[in-house]
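Everything numeric in this text was worked out from a predicted model, so none of it was measured.
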Amino acid sequence: MLTEAGERRLEVEELHRFPNVAVQVGRHLHWDILRLLQEMKHALRKAFQAGHQPVTFGVDTWGVDFGLLDANGELLGNPYHYRDPQTEGLIEEVSGRFGKEELFRQGGLQFMPFNTVYQLYAMKKAASPKLEAARTLLLTPDLLVYLLTGQRVCEFSMATTTQLLHPESRHWNSDLMEQLGIPVEMFLDPIYPGTRIGPLSEEVCEELGIPSVEAVAVATHDTESAVAAIPAKAEPFAYLVCGTWSLVGTELDQPLLSEEAMALEFSNEGGVGGKYQLLKNIMGLWILQECKREWDEQGNVYSFAELAVMAEREEAFRSLINPDDLRFFGPSNMTEKVRGYCRETGQPVPISESAMARCIMDSLALKYRNALEQIEKLTGERYSGMHMVGGGIQNQLLCRLTANAIGRPVWAGPVEASAIGNMLAQFMALGECADLEEARQLSAASFPVEVYEPSETDVWNVTYERFKQLL
């Protein structure tokens, strides 16, 4: 994505879009990081070929994953994918050694099997030669920046997804690393969004035939970039970043590390301006995406827009699932996983694509309500509605269902929130935006927001009581 700051608004253009496909190698699931690098180079070249003269660039990606560099600065293999099964059972093992309460106080994160700490501990238990040879750990967006610039950094928002950074001191938890056998010296001191990093390397500029462009540390975790773009006009506010994952949260000045926050399975993730996001990870549209992939392979090809239209014709609430049931975490056989859940809970089993899609969307909307109510319990706030951003808001049915479920308005937009928040951090680094508040004002002035008002609240209230029994 390329943007220019016009008169009090952003002009955004999509330059290049490409799939990001995981690769199975033996027992492990990997990211094809070099292909992603090549696509990014292609996008940089296309920018100049189209007559643009970009000054800066920033990279944001999903959280938790990383690459390891050896003593020569070379990448030690393709990074593992966070859905790789190597971490199975390690939450219980690590928690048994240190206690969940202490781990939450020191890491501030929801206990999720893909957190960086469990990935590194899995490599340690497997006596991984890569871990032994590693000299530097770079989280995914920082790794891509390194491969483009040669500069090694660790950005704050990504560092907070590792469960290895103290939320309050904002320093690495060296004691925990040493006890788990994780090399402390691999970790770089975090830098904050808005920090200028350095130019593209001479090799990259020569390869692409382009002049240099400066890398800027944005909120490199895509969730935090998306939150930076939320056009909220008042504080406090609640939000839903809606995509493969769904993140329901609110923004705080300091992390919330209470036992109740731990028990309700919330995370504290760092963001732009040194803020913290109190949020909950929900399995999200991943479940529907995996179902669609199965249907596509079987020759029953529908767009997501078509699935939403088909789902709207189905009977509401016929079957419901808890989207965070761990059976839905891994890829493959998702339709059978949904049907198995419904069979086990004594509900009608969805057979058709439309019934399956309606089951998933109804369940997600109800899960969003549950997370919102938990945030209000933790913060003592009552939010007037919820901001929805991200690619998932193109599903207008899901937006309407969410408004109905929470019984309050939903303000949907912008769609490309992560890219926009990335750009806003670059403008902050360049002095074009004074602070996060001004950046959000710029977002609000530049992109439309669609309002969804709630309806049928009585029916949703009754259904919600039934849904809570599944949790």
Under 3.5 Å side-chain donor-acceptor pair for Asp84 and Gln119: no
Donor-acceptor pair, side chain of Asn333 and main chain of Glu336, under 3.5 angstrom: no
Aromatic plane relationship, His387 with Phe237 - under 30° parallel, 30 to 60° tilted, over 60° perpendicular: perpendicular
Residue pair Glu314 / Ser354, side-chain donor-acceptor N/O under 3.5 Å: yes
Exceeds 12 heavy-atom contacts within 6.0 angstrom, atom NZ of Lys124: no
Pi-cation contact, Tyr464 with Arg369 (under 6.0 Å, within 45°): yes
Short side-chain to backbone donor-acceptor contact, Arg293 and Pro331, under 3.5 Å: no
Crowding at CD, Glu450 (>12 non-hydrogen neighbours, <6.0 Å): yes
From Leu364 atom CG to Ile287 atom CD1, the distance as rounded to the nearest 0.5 Å: 6.0 Å
Of all pairs that satisfy salt bridge (charged side-chain N to carboxylate O under 4.0 Å, His left out), the ones with a partner from residues 108-122, not counting sequence neighbours: none
Plane angle bin for Tyr341 and Phe328 - parallel if under 30°, tilted between 30 and 60°, otherwise perpendicular: tilted
Parallel, tilted or perpendicular: ring planes of Phe329 versus Phe114, cut at 30 and 60 degrees: parallel
Any donor-acceptor N/O pair, Asn404 side chain to Ser455 backbone, under 3.5 Å: yes
Contacts of Glu168 that satisfy salt bridge (charged side-chain N to carboxylate O under 4.0 Å, His left out) - sequence neighbours left out: none
Centroid-centroid distance, Trp286 to Tyr82, less than 6.0 Å: no
Short side-chain donor-acceptor distance under 3.5 Å, Glu465 and Asn461: no
Side-chain donor-acceptor pair present, His16, Glu39, cut-off under 3.5 Å: yes
Side-chain donor-acceptor pair present, Ser258, Glu260, cut-off under 3.5 Å: no
Less than 3.5 Å apart, which donor and acceptor atoms pair up between the side chains of residues 218-234 and the rest of the protein, not counting sequence neighbours?
unit_1, atom_1, unit_2, atom_2, d
Thr220, OG1, Glu155, OE1, 2.5
His221, ND1, Glu269, OE1, 3.3
Ser225, OG, Ala219, O, 2.6

Spacing of Asp65 atom CG and His81 atom NE2 [to the nearest 0.5 Å]: 7.0 Å
Considering all heavy atoms, the nearest Ile182-Phe187 contact: CG2-CE1, 4.0 Å
Student check: side-chain heavy atoms of Val248 and Ile282 closer than 4.5 Å: yes
Side chain Arg97, main chain Gln179, donor-acceptor under 3.5 Å: yes
